[in-house]
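Chain letters run A, B, ... following the sequence lines, proteins first and then strands; every chain starts at 1. Only a predicted model underlies this, so the values are computations on that prediction, with no experimental measurement involved.
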Amino acid sequence: MYKLLLSWRYLKSRYIALASIVSVTLGVATLIVVNSVMAGFSDEMHKRLHGILSDIVIRSHDLNGLPDPEWHMDEIRQLAGDDIEAMTAAIQIPAMINFRDNIQGQWITQPITLIGIDHQTYSGVSDFSEYLLHPDNREQLDFLLKENDYGRGKKDRFPVSGWARRRVSAEWEQKAVEAPSDSEGIDAADVPASPFPLVDDSGVEGQGATIAGLDGQLSGVPDSTGDLGVPGVPFQSSNEPEIVFDPASEQHTGIVLGISICSVRGRDADGEVMDYYFALPGDDVKVTFPNTGQPPKAVSDSFTIVDFYESEMSEYDSSFAFVPLAKLQDLRGMVDVQSGVKSVSTIQLKLKEGADLNVVRDKLQARFPIQQFGYQIQTWRDMQGPLLAAVQLETTILNILLFLIIAVAGFGILATFFMIVVEKTRDVGILKSLGAPSSGVMSIFLGYGLSLGTVGSGVGLVLGLLFVKHINTIAGWIEGVTGQEVFDPTVYYFNQIPVIVNPLTCVWVVIGAIAIAVIASILPARKAAKLHPVEALRYE
Amino acid sequence: MSSAYELAIEHPAESSMDQKNQLHPRLLKSPVVLKATGVTKSYRKGKVEVPVLKGVDIEVLEGEFQAIVGASGSGKSTFLHLLATLDKPDDGEIYFEDNRIDNLPAASRDILRNRYIGMIFQFYHLLPELTALENVLMPVMIHHGFMSYMLQRRKFRKRAKELLDLVGLSHRLKHRPREMSGGEMQRVAIARSLMANPRLLLADEPTGNLDRAAGEEIMEIIHELNSAYDVTIVMVTHDLSIAAQADRTVRLAEGRVESVSFQS
Ligand SMILES: Nc1ncnc2c1ncn2[C@@H]1O[C@H](COP(=O)(O)OP(=O)(O)O)[C@@H](O)[C@H]1O
Ligand SMILES: [Mg+2]
């Protein structure tokens, strides 16, 4: 009883000790904030990676190499049919994309990963369709250009695209072709103005205003394209020049582009974050990729952008481009002339809820031994292993460092407690003269440490949770005060700082901090318990 | 109490039988509460061993008020601490109600101090963070665990208040030691020493730090405890006029009992 009373009274009368646990409080708060943010980040990353990648991917080492996907899929179904929810075959090859930047008017070439997909089944194995911009495509992708409405329900400030854009730009380009072809005679004023705002700042879809800053750049279009001889004419496919193609009413094979392939995120004059699009759905692009020849030759074809793919993982958004599987198989010559058997380069599986990825992977690896088939069979975790491991490692290291901070706080407590014990020497003598056992004296100081640790980490917990709850507001304030962007959406592709509060982590952090406070009070408490009663009584 | 006292300080130490004969008649049939035989104690100062007690014998009867006097530094406090089992003698034996207590294990000595022997000190030794009432309650708080204390709390608080009332401090229950005068603090200490209803009260110069008036008040209380409540008291003092009120006065010098005298 006296232990509680005295611990409590010492706590109330020694504010210096409270000061010594401020570092515990701060440490706990920081740990909780860091863990929540890291958990938020890694969860977001997991979700996105998992959403983009299917559960299990079987990939042939050779770009051309997985013949007769139907047979493989049958085999897989026999092997693990119960666990499989969806399956699709795809081709994944490196390629080059080439399109005209409609801001600067220059031609842009970029490396991409071209993925031939079966649009009926592909969205079954991943969250692919969720990332598309057109609401109809999110329902079911068909590689056909839509009238307009891109970004509805997702990006509300998306510029006019689709047929609405394509018709007007075809007309505009037609005028540009009809304009005097001798470049000396071209006057900026003669060139019809671009009918569209090319950035997403118009606020209202279809409003024809262009921002002033871009007008000047646009007027440069004819100058640069003039060098190319045929300004503005879309790609004249060299394979099929005889076919008359009317861009105002026809489209090439559809292609879904990763949004970052043809856009950059930046800031306008006011510092607002916005996306600048070099090309939009409705525009044509040219893609060059290797065929199956020995050695491979480059094959090119024209595609019409039918949608954008925005997974918010920059790695994928800046490289993935999706085209219909059959078209790609044709273009690359992946159809066996005799048997008519087509090949693919990957088979992707989605497993049922609760199925063990590793077990299925191991089964598949046993069925398709690497020595015989040369297939790489991986789960999405295997594929992103290093990235996930890096995040994990980062979290672990931060935790260790922050716990070291709390441990440093522990030494502060140790020193403060030694002082308090010295100061309380006479009290210890009094208690012992009244018959308090050494263990009782010890537990007064341990209880003191325990309550300081509890108070310190409790306050830290509350602070940390409050901070996490309002982290985006706080980031906003800091931005306001320092003028520095704390969390730059142009860098992170998140609009908000993602946080996840894991209750178990909080419990462990609090327990850890309390343990450190108690451990730090053990030595002083032992010193107090060992004091000789007579000497303690005589102590001045 | 008001009658004349005679202090025979010249008498050499006498045998136990002879001593009893000279004690107050009310004590003649009293059993021995505390007995020390041949107690020695020395302190080590560096390499030099300083003997403080060189063989002290005393005997305290139930209901007796015994004074221990001696020059400053003669080892009175040291001896009292040994009697209270706060320290162990180098040699000799101490008996409390016929049980040897100087070599008891720590846990038993803690219980002895907590419930059987009360102590008062020159510097009061109250706990500064606690109120007067809480200080008085301290012995039972130490005795009882949380639950047991809580269940009997009313009873304990009642007794503590009665004791504070007895020492004339019923208006000071909620005061902290620093808000009280020396005499008041000493009275709180007396109330505390009685809380566990001990069989023996050891007092180490309880008036040594007080002015004359306060000292006399304290002595009155101690006398009343002895005469009205039959508390056995061993009191260390250097004030001979106080010692004169005792049933028996033991004079320590050179680490030995120099003389024993009786109130006649
Ligand atoms: N812890 C100690 N170490 C060394 N000497 C001590 C210690 N405690 C007491 N002494 C010495 O023992 C002697 C007796 O002290 P004490 O019992 O306090 O005397 P009194 O109470 O009679 O004034 C003194 O000379 C004192 O200096
Ligand atoms: Mg003394």
Side-chain angles (χ1 to χ4, degrees), chain A residues 1-18 416-417 419-452 525-540, chain B residues 41 43 77-78 80-82 84-88 105-131 134-153 156 176-177 189 192-193 195-196 198 202 204:
Chain A
M1 180 60 213
Y2 66 107
K3 304 167 202 163
L4 280 175
L5 182 69
L6 284 172
S7 295
W8 174 241
R9 284 296 155 80
Y10 288 173
L11 194 66
K12 265 178 50 178
S13 63
R14 292 289 176 289
Y15 291 110
I16 178 76
L18 280 176
T416 316
F417 271 38
M419 274 170 49
I420 291 174
V421 167
V422 168
E423 194 189 337
K424 289 281 152 215
T425 300
R426 204 121 80 100
D427 289 24
V428 171
I430 296 167
L431 286 169
K432 288 193 167 177
S433 77
L434 292 176
S438 295
S439 60
V441 171
M442 187 160 165
S443 40
I444 290 175
F445 289 94
L446 286 183
Y448 192 28
L450 180 71
S451 33
L452 280 183
R526 271 173 55 109
K527 182 190 155 85
K530 279 189 181 160
L531 282 175
H532 192 282
V534 170
E535 265 150 47
L537 281 175
R538 285 183 195 258
Y539 182 84
E540 296 302 320
Chain B
K41 180 77 184 172
Y43 289 109
S77 298
T78 304
L80 206 68
H81 292 149
L82 294 177
T85 69
L86 281 169
D87 208 350
K88 285 188 176 186
S108 312
R109 285 186 284 140
D110 288 338
I111 291 172
L112 194 72
R113 284 199 302 277
N114 184 233
R115 296 170 216 173
Y116 298 92
I117 301 176
M119 285 195 89
I120 316 171
F121 305 92
Q122 180 180 358
F123 297 103
Y124 332 120
H125 287 336
L126 299 178
L127 294 166
E129 270 86 9
L130 304 185
T131 63
E134 286 163 344
N135 265 295
V136 175
L137 283 167
M138 199 32 75
V140 286
M141 285 192 191
I142 290 172
H143 181 175
H144 296 273
F146 182 77
M147 278 312 288
S148 155
Y149 174 82
M150 278 315 202
L151 289 173
Q152 305 175 66
R153 196 173 45 151
F156 292 148
R176 301 277 161 104
R192 177 179 68 185
S193 71
M195 185 66 202
L202 301 176
D204 189 357

Measuring heavy-atom distances to chain A, does [X] have an atom under 4.5 Å in its side chain, in its backbone, in both, or in neither?
{"X": "B:Tyr124", "value": "neither"}
{"X": "B:Leu126", "value": "backbone"}
{"X": "B:Arg115", "value": "neither"}
{"X": "B:His144", "value": "backbone"}
{"X": "B:Thr85", "value": "neither"}

How many angstroms lie between atom [atom1] of [X] and atom [atom2] of [Y], to the nearest 0.5 angstrom?
{"X": "A:His532", "Y": "B:His81", "atom1": "NE2", "atom2": "NE2", "answer": "10.0 Å"}
{"X": "B:Asn135", "Y": "A:Ile430", "atom1": "CG", "atom2": "CD1", "answer": "8.0 Å"}
{"X": "B:Phe121", "Y": "A:Leu537", "atom1": "CZ", "atom2": "CG", "answer": "5.0 Å"}

Contacting region of [X] [heavy-atom separation from chain B under 4.5 Å]:
{"X": "A:Leu434", "answer": "both"}
{"X": "A:Leu431", "answer": "both"}
{"X": "A:Lys424", "answer": "side chain"}

* To do: Heavy atoms only: give me the nearest A:Tyr2-B:Met141 pair and the separation to one decimal.
  =>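 Smallest interatomic distance, heavy atoms only, reads CD2-O, 3.5 Å.
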
* **Note, B:Leu137 side chain near A:Leu5 side chain (heavy atom, < 4.5 Å)** =>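 No; the side chains remain at least 4.5 Å from each other.
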
* To do: Show your reasoning for whether side chain to side chain contact (heavy atoms under 4.5 Å, CB included) applies to B:Leu130 and A:Leu6.
  => CA-CA 8 Å; B:Leu130 304 185; A:Leu6 284 172; 3.9 Å; yes

* To do: Could you tell me whether A:Lys530 atom NZ has more than 12 heavy atoms of other residues or ligands within 6.0 Å of it?
  =>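 No - once you tally the heavy atoms of other residues, nucleotides and ligands closer than 6.0 Å, there are 12 at most.
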
* Asked: Taking everything shown except A:Arg9 itself, do over 12 heavy atoms lie less than 6.0 Å from its CZ?
  ->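 It does: A:Arg9 CZ has more than 12 such atoms within range.
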
* Residue among A:Ala436, A:Ser439, A:Gly440, A:Gly429 with most heavy-atom pairs under 4.5 Å to chain B ->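 Between A:Ala436, A:Ser439, A:Gly440, A:Gly429, the count favours A:Ala436.
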
* Asked: Which residue out of B:Ile111, B:Leu127, B:Asp110 racks up the most heavy-atom pairs below 4.5 Å with chain A?
  ->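 Winner by heavy-atom pair count: B:Asp110.
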
* To do: Quick one: which of B:Pro128, B:Ser193, B:Pro139, B:Ser148 has the most heavy-atom pairs under 4.5 Å with chain A, could you say?
  =>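 Greatest number of close heavy-atom pairs with chain A: B:Pro128.
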
* Tell me, with the steps shown, if A:Asp427 and B:Glu129 meet side chain to side chain contact (heavy atoms under 4.5 Å, CB included). => CA-CA 10 Å; A:Asp427 289 24; B:Glu129 270 86 9; 3.7 Å; yes

* Hey, is the main chain of A:Lys432 close enough, under 3.5 Å, to the side chain of B:Arg113 for a donor-acceptor pair? ->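 Yes.
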
